[in-house]
Amino acid sequence: MGRARVYSRTADVSFEDYVVAALENLETEIDITAYGYSLDEAGVEYNRILNNNPQLFYTKSCSISYIQSNNMANTYVIEYIDDKDAIMEMKTSFEAAANLAATQVDKSLDEYQQALMVHDYLALNCEYDYENYQAGTVPEISHTAYGSLVNQVAVCDGYADAFAYIMEDKLDIPCEVISSDAMHHAWNMIEIGQKWYHVDITWDDPAWDRIGRVMHENFLCSDSRISKGSPNAQNANNHYSWSGDHAADSTAYDDAFWSQIDCAICYQDGAWYYTKYMDDANKIWFGKRTDDNFLEGNEEKLWELDPWKAESGTSYWPGCYAYLAQADDKLYLNSQDAMYRWVGDGNVEKYTPSNLDDKKIYGFTVRGNEMWYVLDSSPNDSATTRQFIFKSKLEQVEGISAEDVTGTYNGNPFTITVEGAQNGDTIEYMDADGNYQSTQPRMVDAGTYEVSYRVSREGCISYKGTATVTIEQATPTYETPTGLSGYVGDALSTVTLPEGFTWQTDGNTQLEEAGVKQFLVKYTPQDTKN
């Protein structure tokens with residue numbers, strides 16, 4: 001077996017950029033001699049780099065070779081979790097999952113609203129690895145962003161790494177992972193409006209997992225709020241003894257309405273939707289807030305549900321078990337005995353499970369074209385088991401396709417053709433801001449375009465697809481210059497060329513004698529892009 005290649009410093013780059021590049025290239029030995037770190041410093045720096053770069057989830061261990069005479073580090077020796085081919089596949093899956101999470105976010109919204117969308121996405125789509133946690137057998141992958149985003153099973157640092165990666169690398173919002181050794185726990189701090197706030201998705205995602213439930217008691221908290229716990233919290237736990245570089249001294253969001261919401265807060269068409277238990281009325285509201293009064297305005301009640309009855313049938317369980325889900329730009333929610341698709345103006349389409357018996361729905365969400373729900377006798381059962389998850393298919397638009405298009409620039413727009421749509425279907429195309437509209441993006445200039453489209457049909461999950469449009473540059477037409485003349489002793493550059501032409505032969509070339517000579521010219525079209 002040959003020696004592993006040593007990845008050495010070849011450019012004047014920062015230490016972090018240099019090491020990250022080597023790790024992304026899956027190098028097993030990284031020469032760090034040029035940076036002059038002691039053995040201890042090199043260890044601290046390596047851990048800091050991993051903490052700042054959740055995409056390096058595939059590193060397993062690092063040993064450091066050093067010079068004994070002066071204790072200076074010279075090489076990181078890296079071990080990875082698998083072979084190169086397997087890791088490359090994992091990296092591809094990881095980026096696809098991170099991009100999918102980021103595409104759920106409307107980037108035109110305020111940064112705190114974008115953070116809310118990612119918080120809820122992770123809480124909905126990742127399950128705390130509670131079984132392994134209780135057994136003391138949590139695998140290393142559950143400590144990573146890969147565990148959270150791809151496996152959808154993680155523990156605290158997996159949640160935190162995924163949130164930091166999406167916020168900072170995909171949405172350009174500063175976000176860090178912080179931890180408390182005393183708590184054996186990790187979470188995030190995020191910068192919103194030049195102020196830092198705590199976000200702990202792990203503690204906002206119940207364990208055992210209850211599908212559809214998303215708490216918000218640990219979202220955008222100040223130091224004082226996170227350290228004393230939420231007044232709505234179901235336990236007395238608080239955060240303490242954390243290490244971090246920033247003070248969260250702003251209380252701007254400590255009393256935000258979302259701290260009382262236990263479901264996903266869904267954004268659609270300029271409004272935010274959620275369900276909420278109204279203790280004073282003993283009712284559950286399905287309500288909304290509009291963009292312009294999201295934080296401070298009044299909520300609008302859209303629908304009202306009775307609270308869940310206890311086993312006796314004569315009393316009620318306190319709290320809200322009506323969960324909200326968003327799929328295909330439609331909203332879904334549940335009562336204790338049915339699921340509903342909200343179609344607006346107080347109208348709903350109802351789905352009643354055939355296997356209710358004497359049980360009630362204590363968990364609900366929509367994933368892809370499936371409704372997932374949990375049937376139990378009480379919410380206490382749902383909190384401690386994952387055994388009763390059922391799935392119900394939703395009808396989906398099928399038979400849709402669009403061929404890729406390739407052509408040569410001609411000054412006219414190119415378009416794709418969507419096949420398979422039925423009468424009454426709506427075909428829309430995604431614009432640069434991620435919104436769907438009826439017209440295709442304008443594709444005239446040479447280049448490659450990815451066109452995302454959606455076909456919607458009443459009562460069905462929409463079909464979404466993409467097609468590629470490739471416009472190649474056209475070959476320019478021109479006439480070779482003729483009849484050019486100059487004077488003996490002058491430079492070639494003194495001979496004037498028609499527009500678009502330049503001398504390819506050196507312009508300092510002397511015209512040394514009379515007669516007909518040949519020189520090279522180059523033609524450059526005015527529209528070099530096309």
Side-chain angles (χ1 to χ4, degrees), residues 120 124-125 127 206 208-214 261-266 268 273-278 281-288 301-398 424 456-463:
D120 285 13
L124 279 176
N125 292 282
E127 175 185 348
W208 297 87
D209 191 63
R210 188 197 301 276
I211 59 171
R213 188 175 188 190
V214 181
I261 306 300
D262 284 351
C263 75
I265 301 173
C266 299
Q268 181 174 298
Y273 298 83
Y274 50 89
T275 58
K276 178 181 178 182
Y277 177 63
M278 306 297 291
N282 196 30
K283 292 288 185 180
I284 294 171
W285 278 20
F286 169 47
K288 76 172 184 178
K301 181 178 74 171
L302 301 174
W303 207 28
E304 191 175 81
L305 299 171
D306 288 325
W308 271 232
K309 286 188 176 181
E311 292 98 322
S312 64
T314 59
S315 60
Y316 294 93
W317 292 109
C320 182
Y321 307 104
Y323 299 126
L324 194 62
Q326 187 174 27
D328 188 43
D329 298 325
K330 295 181 176 64
L331 297 173
Y332 298 79
L333 70 157
N334 66 289
S335 65
Q336 55 189 316
D337 57 8
M339 288 87 78
Y340 304 88
R341 175 158 51 194
W342 177 259
V343 294
D345 299 326
N347 297 314
V348 294
E349 298 171 353
K350 185 176 181 180
Y351 303 82
T352 302
S354 59
N355 52 345
L356 271 175
D357 297 327
D358 58 347
K359 299 183 183 298
K360 298 179 177 63
I361 301 171
Y362 283 104
F364 167 76
T365 192
V366 175
R367 294 178 179 173
N369 66 333
E370 293 178 332
M371 290 190 295
W372 290 32
Y373 57 100
V374 174
L375 299 180
D376 272 312
S377 299
S378 80
N380 297 326
D381 293 338
S382 293
T384 57
T385 183
R386 298 172 298 162
Q387 297 179 17
F388 304 106
I389 297 180
F390 300 92
K391 303 175 186 179
S392 178
K393 282 278 189 181
L394 297 170
E395 187 176 352
Q396 189 169 21
V397 175
E398 296 179 341
S456 303
R457 184 178 302 158
E458 185 175 355
C460 297
I461 296 291
S462 297
Y463 177 87

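- For Asp120, the side-chain hydrogen bond (donor to acceptor under 3.5 Å, both in side chains) criterion is met by His216, not counting sequence neighbours.
- Between Tyr340 and the choices Tyr373, Phe286, Trp303, Tyr351, the ring pair (Phe, Tyr, Trp, His ring centres under 6.0 Å) rule is met once, by Trp303.
- At a threshold of 4.5 Å between non-hydrogen side-chain atoms, the residues Val374 and Arg210 do not count as touching.
- For the residue pair Cys320 and Ile284, the shortest heavy atom distance occurs at SG-CG2, 3.7 Å.
- Looking at residues two or more places apart in sequence or on another chain, you find a side-chain hydrogen bond (donor to acceptor under 3.5 Å, both in side chains) between Trp317 and Tyr362.
- With sequence neighbours excluded, the residues forming a side-chain hydrogen bond (donor to acceptor under 3.5 Å, both in side chains) with Lys276 are Glu299, listed by chain and number.
- Of all heavy-atom pairs spanning Cys263 and Ala322, the tightest one is CB-O, 4.2 Å.
- Heavy atoms only, all atoms of each residue included: Lys330 and Arg341 are closest at CD-CD, 3.4 Å.
- The side-chain heavy atoms of Phe364 and Met371, taken from C-beta on, include a pair separated by under 4.5 Å.
- Side-chain N or O atoms of Trp372 include none that pairs as donor or acceptor with a backbone N or O of Gly212 at under 3.5 Å.
- Taking every heavy atom of both residues into account, Trp308 and Gln336 meet most closely at CZ2-N, 3.2 Å.
- Under the ring pair (Phe, Tyr, Trp, His ring centres under 6.0 Å) criterion, Tyr463 pairs with no residue at all, not counting sequence neighbours.
- Looking at Asp306, its side chain never comes within 3.5 Å of a backbone N or O of Ser335 through a donor-acceptor pair.
- Side chains of Tyr332 and Gln326 form no contact here, defined as non-hydrogen atoms less than 4.5 Å apart.
- Side-chain atoms of Tyr323 and Asn334, non-hydrogen and from C-beta on, do get closer than 4.5 Å to each other.
- Tyr274 pairs by the ring pair (Phe, Tyr, Trp, His ring centres under 6.0 Å) definition with Phe257, not counting sequence neighbours.
- Counting heavy atoms from C-beta outward, Met339 and Pro353 have side chains that approach closer than 4.5 Å.
- The salt bridge (charged side-chain N to carboxylate O under 4.0 Å, His left out) search around Glu398 returns none, not counting sequence neighbours.
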(message) Please determine whether side-chain contact (heavy atoms from CB on, under 4.5 Å) holds for the pair Lys360 and Lys309, giving the CA-CA distance in whole Å, both sets of side-chain angles, and the decisive distance to 0.1 Å.
(response) CA-CA 9 Å; Lys360 298 179 177 63; Lys309 286 188 176 181; 4.3 Å; yes
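- Taking CD1 of Ile265 as the reference point, atom OG1 of Thr275 lies at 9.5 Å (rounded to 0.5 Å).
- Taking the side-chain hydrogen bond (donor to acceptor under 3.5 Å, both in side chains) definition, one finds that Tyr273 meets it with nothing, sequence neighbours left out.
- Note: Thr365 OG1 to Asn125 CG = 7.0 Å, rounded to the nearest 0.5 Å.
- Here the straight-line distance linking atom CH2 of Trp342 with atom CD of Gln268 works out to 11.0 Å at 0.5 Å rounding.
- Under the rule for a side-chain contact (heavy atoms from CB on, under 4.5 Å), the partners of Asn282 that lie at least two apart in sequence or sit in another chain are Tyr277, Pro307, Tyr316.
- Annotation for Leu124 and Arg367: closest pair O-NH2, 3.0 Å, computed over non-hydrogen atoms.
- Asp337 pairs by the salt bridge (charged side-chain N to carboxylate O under 4.0 Å, His left out) definition with nothing, not counting sequence neighbours.
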